[in-house]
Amino acid sequence: MTQKKLLLLDGNSLAYRAFFALPPLTNHQGIHTNAVYGFTTMLQKILAEEQPTHMLVAFDAGKTTFRHSTYTEYKGGRQKTPPELSEQFPYVRKLVSAYNMKQYELEMYEADDIIGTLAKQAEEADMQVVIISGDKDLTQLATDKTTVYITRKGMTDIEHYTPAHILEKYGLTPEQIIDMKGLMGDSSDNIPGVPGVGEKTAIKLLKEYPTVEEIYAHVSEVKGAKLQEKLVANEEQAKMSKQLATIEVNAPIEVVVDELGWEGPDVDALFALWQELDFKTLLEKSEYESEAQETTVLEHQIVSNLTAEQLVDGMAIHLEMENAHYHTSKALGLAFVTDTAAYYMPYEDVLQSEEVKAYLQDEAKKKYVFDLKKHQVAFARDQIELKGVEFDLLLAAYIDDPAFASEDIASVSRAYNYTNVQTEESIYGKGAKRAVPSEEVLAEHVCRQALAVYTTREPLLSKLKENEQYDLYTDIELPLAHILGKMETCGIRVNKETLADMGEELTEKLQAIEATIYTLAGTKFNINSPKQLGVVLFETLQLPVIKKTKTGYSTAADVLEKLAPEHEIIEHILQYRQLGKLQSTYIEGLMKEIHEDDHKIHTRYQQALTATGRLSSTDPNLQNIPIRLEEGRKIRKAFVPETEGWQLFAADYSQIELRVLAHMSQDENLMQAFLNGLDIHTNTAMNVFHVEEDEVTSSMRRAAKAVNFGIVYGISDYGLSQNLDISRKEAAEFIERYFASFPGVKTYMDDMVKMAKEKGYVTTLLNRRRYLPDLKSSNFNLRSFAERTAMNTPIQGSAADIIKKAMIDMDAALKEHQLQAKMLLQVHDELIFEAPEEEIAILEKLVPEVMANTVKLDVPLRADYSAGYTWYDAK
DNA sequence: AGTCTCACG
DNA sequence: ACGTACGTGAGACTG
């Protein structure tokens with residue numbers, strides 16, 4: 001049998017070290033984690049390298065120790081432990097428990113003494129001992145059987161103190177470390193030593209006389225009158241200091257070495273803790289196998305068909321596809337899982353199976369999925385109409401905490417302590433090596449994912465009910481997923497010819513501008529490279545530098561606009577940028593996304609991504625098609641109805657965010673403005689500038705509009721000053737005057753931040769939550785950001801709630817009125833439909849009415865609308 | 001992969 | 001004093 005090896009850890013010291021060595025980290029709930037993280041990475045490394053058979057982590061107990069009876073000032077004058085660290089100690093303890101390691105503390109003694117005592121016992125039992133600490137005092141315990149590891153910067157860089165190393169480093173024996181400290185003292189423990197004697201002098205003395213006692217026995221022989229004087233004057237103090245620095249190796253501990261056997265961590269507990277603390281990298285890289293994972297080497301069957309009896313009510317299904325682009329991606333196979341059965345069916349067989357197709361389309365047979373919309377769209381490609389989906393893990397998790405946004409079942413289910421799904425990467429590989437694995441591997445992986453859905457369903461649904469978010473789930477997000485799926489599947493027709501023609505025109509213009517720029521610059525360079533452009537503008541042409549970025553000169557549009565009077569080249573660069581953006585992103589980008597077969601673009605809405613509850617749109621993004629500038633707006637001419645003679649119909653909420661603010665803040669003045677149907681920006685201008693309506697100039701209205709935006713974003717004087725290009729003082733004055741006119745808004749903003757700080761999260765109209773851990777941050781920047789977010793999210797998020805509900809009502813209304821009109825796009829406060837011409841008049845009444853009445857606020861909601869043969873014309 | 005820039009609400 | 005407007009996605013460049 002190989003020799004037994006005991007690892008003794010100084011828990012407090014290591015946690016302290018880690019806390020100061022690592023930048024501040026927090027988990028999604030705002031708990032600081034850097035000390036626990038550093039402790040963990042250090043531990044992982046040590047365990048891998050040392051392969052111990054026995055383990056113990058020692059902690060300090062309480063404030064007073066036996067050393068205080070010798071010297072009451074021991075460890076006096078210490079800075080109070082920062083609260084960011086204190087809150088981590090319980091997690092360090094939990095971590096040690098999860099590793100199945102013994103932890104121990106003893107009244108009146110420090111961790112050092114426990115370690116010293118156990119090290120001595122272990123040596124007597126002929127064990128090898130490794131002591132790990134951040135405190136060099138421990139090195140006095142080094143012997144030929146005991147090595148002391150001291151962490152250096154970054155926690156995983158470790159210095160090994162053997163007697164030989166100590167001799168080399170200090171020229172002393174380990175025992176003499178105590179004497180050294182007796183002489184030089186230790187400011188961190190408030191051990192005085194001999195004033196004026198530092199490390200150098202202490203070592204010099206100890207090389208001549210081996211101990212403090214010997215030094216004093218020969219104190220008259222010590223060279224240097226000053227030094228001798230100092231030594232004599234502080235003899236008692238030196239001896240006491242030595243005593244304080246001596247680690248007790250006979251502490252009355254109640255553990256014995258034999259009880260410290262260690263056989264490895266409780267993997268499930270460890271993973272759960274890592275999950276709680278957001279140690280994602282550790283989770284992904286971990287070589288530990290979850291217990292659950294081993295026991296559920298899922299007894300799955302690969303089948304080519306299933307009977308109606310096997311296709312029961314209440315199954316988790318999971319369709320595996322080659323990649324995330326589910327409009328085009330190849331479907332590989334489908335898993336069907338309950339707590340008692342798991343089947344995997346290759347997708348070709350699904351298409352052949354009447355039983356399975358009937359099951360998928362059976363409303364009465366409830367199914368559970370991860371990403372309803374993906375499944376619905378994918379099945380729809382093969383004319384399978386998925387029905388009866390009762391649970392969507394993705395949406396439920398998103399409602400529970402939008403920070404869980406992810407396309408990955410492994411990470412989402414792990415958030416609910418389900419650690420049984422392997423990562424995408426481990427199945428498919430990454431980068432160029434990505435490949436579909438064998439059917440056996442794939443089948444198990446897909447079944448595991450379905451099982452994750454099945455297993456997390458009940459706890460997650462109860463949690464939503466507990467948090468009063470179940471309605472948001474069943475009445476909004478779940479039905480919305482179905483509607484978005486229909487919109488995506490339908491897609492919008494885009495005329496490639498139109499785009500191509502615009503592209504040619506742009507190419508010509510761009511070439512001309514490019515030539516002009518080169519002439520004006522006197523050199524050829526890549527205009528699209530901010531780096532090269534910076535050199536040309538600020539070095540070659542010597543234009544004044546207004547703003548810098550991390551990496552160099554800023555060449556952003558607002559900077560260039562300020563430089564325009566300085567040099568003719570600027571306007572051409574701005575023009576080039578503008579047209580270049582249209583060309584690359586909108587002409588070339590959109591053309592790539594037009595499907596050959598139906599001449600349509602099918603975007604994907606991300607329904608579980610944004611922190612506020614808004615949707616986002618990808619591949620391509622149809623929520624940022626140009627409109628503000630005429631050149632860009634023309635892109636919209638390419639967006640047309642599917643059918644000849646139909647029209648596009650667009651309806652958008654008017655000032656929805658400010659109306660939401662009026663409702664939530666109950667500010668009298670703001671509410672009155674909307675109740676009286678006033679122009680909101682003019683109204684703000686009247687209030688801020690104290691003028692009558694007919695005295696409001698266009699620049700006053702512009703400033704008021706910026707203030708209104710600022711209010712919605714969580715105002716700051718700096719932000720407003722940047723936006724309006726005015727001084728910070730002037731901006732601050734605007735804000736002050738705004739709040740004087742709208743005091744209810746001020747109160748609301750303050751209350752929002754206050755409530756968020758109490759609860760840790762903010763909520764929207766329909767009870768969507770957003771956690772704001774950074775509100776507790778000691779970092780001014782992070783905290784201010786979180787405070788603005790606390791003001792903005794209820795507004796932006798409630799507006800998102802409202803339009804989501806409107807979409808559901810709109811879908812029902814179209815059905816109810818048996819219209820052919822189809823909802824195609826959503827752009828945050830706007831819905832776009834296509835409809836036969838004869839239905840346009842109906843939509844003009846119906847759509848604004850449904851949008852305005854979808855929720856009842858204390859101010860009216862209003863939607864404006866327009867129709868045309870292209871999206872450009874629907875303005 | 002990270003940075004910069006710019007399109008939208 | 002700190003250094004920002006809120007929420008997104010995509011393309012080009014660069015290391």
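Predicted model, so just to flag it, every value in this text is computed and none were measured. Residue numbers start from 1 in every chain, and the chains themselves are labelled A, B, ... in the order their sequence lines are given, proteins ahead of strands. Side-chain atoms are counted along with the backbone in the values below, which use heavy atoms only and exclude waters and symmetry mates.
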- Can Arg728(A) and Glu733(A) be counted as an ion pair, charged N to O under 4.0 angstrom? no
- Under a 4.0 Å N-O cut-off, is there an ion pair linking Glu834(A) with Arg493(A)? no
Students often get this wrong, so: under 4.0 angstrom with heavy atoms, is [X] touching a base, only sugar-phosphate, or nothing?
X         : value
Asp619(A) : sugar-phosphate
Ala557(A) : sugar-phosphate
Asn526(A) : sugar-phosphate
Ile795(A) : nothing
Ser784(A) : nothing
Thr793(A) : nothing
Ala611(A) : sugar-phosphate
Gln722(A) : nothing
Gln532(A) : sugar-phosphate
Ala786(A) : nothing
Asn621(A) : sugar-phosphate
Ile627(A) : sugar-phosphate
Gly710(A) : base
Asn723(A) : base

- Message: What's the gap between dT4(C) and dT3(B) when it is taken at their P atoms, as a whole Å value?
- Response: 14 Å
- Message: Roughly how many Å apart are dA5(C) and dT5(B), using the P atom of each and rounding to a whole number?
- Response: 13 Å
Expressed as a whole number of angstroms, how long is the span from [X]:[atom1] to [N]:[atom2]?
X         : N       : atom1 : atom2 : result
Arg577(A) : dA10(C) : CZ    : C1'   : 15 Å
Phe785(A) : dC6(C)  : CZ    : C1'   : 8 Å
Glu561(A) : dT5(B)  : CD    : C1'   : 13 Å
Phe525(A) : dT14(C) : CZ    : P     : 12 Å
Asn528(A) : dA10(C) : CG    : P     : 19 Å
Glu588(A) : dC6(B)  : CD    : C1'   : 16 Å
Ile656(A) : dG7(C)  : CD1   : P     : 18 Å
Leu579(A) : dT5(B)  : CG    : C1'   : 15 Å

- Message: Check whether Arg636(A) reaches the backbone of Pro626(A) with its side chain - one donor and one acceptor, N or O, closer than 3.5 Å.
- Response: yes
- Item | Nucleotide opposite dA1(B) in a Watson-Crick or G-U pair, distances under 3.5 Å | dT14(C)
- Message: Suppose we define a pair by two distances each less than 3.5 Å, Watson-Crick or G-U wobble; what does dC8(B) pair with here?
- Response: dG7(C)
Nucleotide of [options] approaching [X] most closely (side-chain heavy atoms):
X         : options                 : value
Phe780(A) : dC2(C), dC6(C), dC4(B)  : dC2(C)
Asn624(A) : dT14(C), dC8(B), dC4(B) : dC8(B)
Ile715(A) : dG9(B), dA5(C), dA7(B)  : dA5(C)
Arg788(A) : dA5(C), dC13(C), dT8(C) : dA5(C)
Arg728(A) : dT4(C), dA5(C), dA10(C) : dT4(C)

- Message: Students often mix this up, so state it plainly: with edges at 30° and 60°, are the rings of Tyr518(A) and Phe525(A) parallel, tilted or perpendicular?
- Response: perpendicular
- Report the relative orientation of the aromatic rings in His602(A) and His327(A); use parallel for angles under 30°, tilted for 30 to 60°, perpendicular for over 60°. tilted
- Message: Between Leu609(A) and Val712(A), which residue's closest nucleotide on DNA chain C lies nearer the 5′ terminus?
- Response: Val712(A)
- Query: Does Ser716(A) get its side chain close enough to the base of dT4(C), under 3.5 Å, for a donor-acceptor pair?
  - Reply: yes
- Classify the side chain of Arg628(A) and the base of dG9(B) as holding, or not holding, a donor-acceptor pair under 3.5 Å. yes
- Task: Applying ring pair (Phe, Tyr, Trp, His ring centres under 6.0 Å), run through Phe734(A) and Phe689(A) and close with a yes or a no.
- Result: CA-CA 9 Å; Phe734(A) 280 178; Phe689(A) 298 108; 5.4 Å; yes
- Interatomic distance, Arg633(A) atom CZ to Arg628(A) atom CZ [nearest 0.5 angstrom]: 11.5 Å
